[in-house]
Amino acid sequence: MTDVLISASELADLLKTEPCVVIDTRNPDAYAAGHLPGAVNVHEIFTFLATSTPEGISELKTKFADVFGAAGLSGKETAVIYEQSMNSGFGQSCRGYYLLTMLGYPKVKVLHGGFDAWAAAGLPVTKDVPAPAKASFAIVPEAGEILIDAKTMLAAVGKPGIAILDVRDVDEWIGDSSSPYGKDFCPRKGRIPGAVWLEWYRMMKPTAEGPRFKSKDEILAECATVGITPATPVYLYCFKGARASNTFLALKNAGVKDVRMYFGSWNEWSRDPSLPIEQGLPIASGVTTKAA
């Protein structure tokens, strides 16, 4: 596949040669303080909490088709999404990439290194707010197969061959905390039974300019530590689909063929007492990284 990530200098060139719609996922204050020229602020990419009922999924698709259409995306333009830096917004630019891919948008790029990389390259920053012409945004229904619901995730529990991959922070994985927003934000702490764990940060490495995604081979090496190959179907989750989107981008870029996300993630799973959970240290509970 073509690389989803685009460097600041590549983006500066692309903006001169191709129609693009640039989307800033940061909070309105950060956007107001300065953003890429022509960038439209869509912070809901990060904040929207999805549920995986049929109504919830329909609402998610309709809402973001409207939002992206209002930003000026018709299918002809390349959508370029950015956040502050790759590790400051819990993968929010990647969540934008995931949402657009799930809706079937044909051309999506994520600014590698985010706003910080653009500013560090000395490229122009503005406070001007654009007034995009509203476009008609078409949803491609079959593209939605990369989004799975709680029922599909439940059916995958204990199923050999499918890797359920948890990419949350370590305190969430071991059940010390229910979310990044506070230990008791959700009613239950723990993880989906049989899940394997790769903290989302492991898809990136530090550089002098800030975090950048690892190379394709480095990402496949990380995957191999939990038994995931390019041919393994992977069902991802985190808390609300942002950090998992960062991993989704990494895995797709590295050539893992079948990657889907449970977008409701722990925020939804933990609130339904009928859904099974595992708690405590994985070793203590006798669970290994092998499929049950």
Side-chain angles (χ1 to χ4, degrees), residues 52 87 90-91 94-95 98 145-180 186 188-205 211 213-270 272 275-292:
S52 65
N87 69 339
F90 292 104
C94 305
R95 197 181 200 236
Y98 175 81
E145 287 171 4
I146 60 169
L147 184 147
I148 59 173
D149 60 13
K151 214 180 286 176
T152 307
M153 188 58 116
L154 181 61
V157 170
K159 207 181 210 176
I162 294 177
I164 297 175
L165 179 57
D166 184 324
V167 303
R168 296 173 301 161
D169 297 358
V170 66
D171 57 344
E172 294 165 83
W173 164 249
I174 64 171
D176 266 1
S177 175
S178 72
S179 85
C186 290
R188 300 193 295 168
K189 302 180 182 108
R191 59 191 169 273
I192 296 175
V196 294
W197 177 63
L198 281 179
E199 199 165 6
W200 70 292
Y201 284 114
R202 282 174 61 181
M203 298 299 133
M204 299 179 289
K205 59 183 174 186
F213 278 96
K214 291 178 175 175
S215 72
K216 171 183 172 171
D217 285 347
E218 289 168 332
I219 285 164
L220 291 177
E222 292 288 2
C223 289
T225 64
V226 292
I228 292 171
T229 73
T232 309
V234 179
Y235 287 7
L236 286 171
Y237 77 97
C238 59
F239 174 71
K240 64 172 184 184
R243 291 170 290 179
S245 292
N246 180 289
T247 306
F248 179 86
L249 186 156
L251 268 50
K252 293 303 289 181
N253 246 2
V256 181
K257 291 177 193 67
D258 183 4
V259 187
R260 305 175 195 222
M261 197 200 307
Y262 169 40
F263 202 65
S265 277
W266 192 253
N267 180 58
E268 178 180 60
W269 189 273
S270 68
D272 182 346
L275 293 170
I277 62 170
E278 244 172 38
Q279 292 174 301
L281 290 171
I283 303 99
S285 62
V287 174
T288 69
T289 54
K290 291 196 285 290

Decide whether a cation-pi geometry holds between Arg168 and Trp266; the criteria are a distance under 6.0 Å from NZ or CZ to the six-membered ring centre and an angle within 45° of the ring axis. yes
Partners of Arg243 by salt bridge (Lys or Arg N to Asp or Glu O under 4.0 Å), sequence neighbours excluded? Asp169, Glu172
Can you tell me how far CD1 of Ile192 sits from OH of Tyr262, rounded to the nearest 0.5 angstrom? 6.5 Å
By salt bridge (Lys or Arg N to Asp or Glu O under 4.0 Å), which residues pair with Lys151, not counting sequence neighbours? none
Criterion side chain to side chain contact (heavy atoms under 4.5 Å, CB included) on Asn253 and Phe213, from CA distance to verdict: CA-CA 10 Å; Asn253 246 2; Phe213 278 96; over 6 Å; no
Option from Asp166, Thr247, Thr225 for which side chain to side chain contact (heavy atoms under 4.5 Å, CB included) with Leu198 holds: Thr225
Look up atom CD in Glu218 and atom CE in Met204, then write down how far apart they are to the nearest 0.5 Å. 13.0 Å
Out of curiosity, Ile228 CD1 to Ile162 CD1, how far, rounded to the nearest 0.5 Å? 12.0 Å
CD1 of Ile148 to OG of Ser52: how many Å apart, nearest 0.5 Å? 9.0 Å
Smallest separation among heavy atoms of Phe239 and Ser179, with atom names: CE1-CB, 3.5 Å
Candidates Thr229, Leu251, Val256 - the one meeting side chain to side chain contact (heavy atoms under 4.5 Å, CB included) with Leu220: Val256
Over all heavy atoms of both residues, which pair between Gly227 and Thr232 is shortest? Give the atoms and the distance, please. O-OG1, 3.9 Å
For Pro276 and Leu154, which heavy atoms make the closest approach, and how far apart are they? CD-CD1, 3.5 Å
For Tyr237 and Ile164: C-alpha separation, side-chain torsions, deciding distance, then whether side chain to side chain contact (heavy atoms under 4.5 Å, CB included) applies. CA-CA 8 Å; Tyr237 77 97; Ile164 297 175; 3.9 Å; yes
Once salt bridge (Lys or Arg N to Asp or Glu O under 4.0 Å) is applied, do any residues pair with Glu268, and if so which ones, sequence neighbours excluded? none
Indicate the atoms forming the closest heavy-atom contact of Gly241 with Ser265, along with that distance. N-OG, 3.8 Å
Go through the steps for Gln279 and Arg188 under the test side chain to side chain contact (heavy atoms under 4.5 Å, CB included), then give the verdict. CA-CA 9 Å; Gln279 292 174 301; Arg188 300 193 295 168; 5.7 Å; no
Check against ring-ring contact (aromatic ring centres under 6.0 Å, His included), Tyr98 and Phe263: CA-CA 10 Å; Tyr98 175 81; Phe263 202 65; 5.4 Å; yes
Atom NZ of Lys214: over 12 foreign heavy atoms under 6.0 Å: yes
Atom pair CG (Asn87) and OH (Tyr201), whose distance is rounded to the nearest 0.5 Å: 5.5 Å
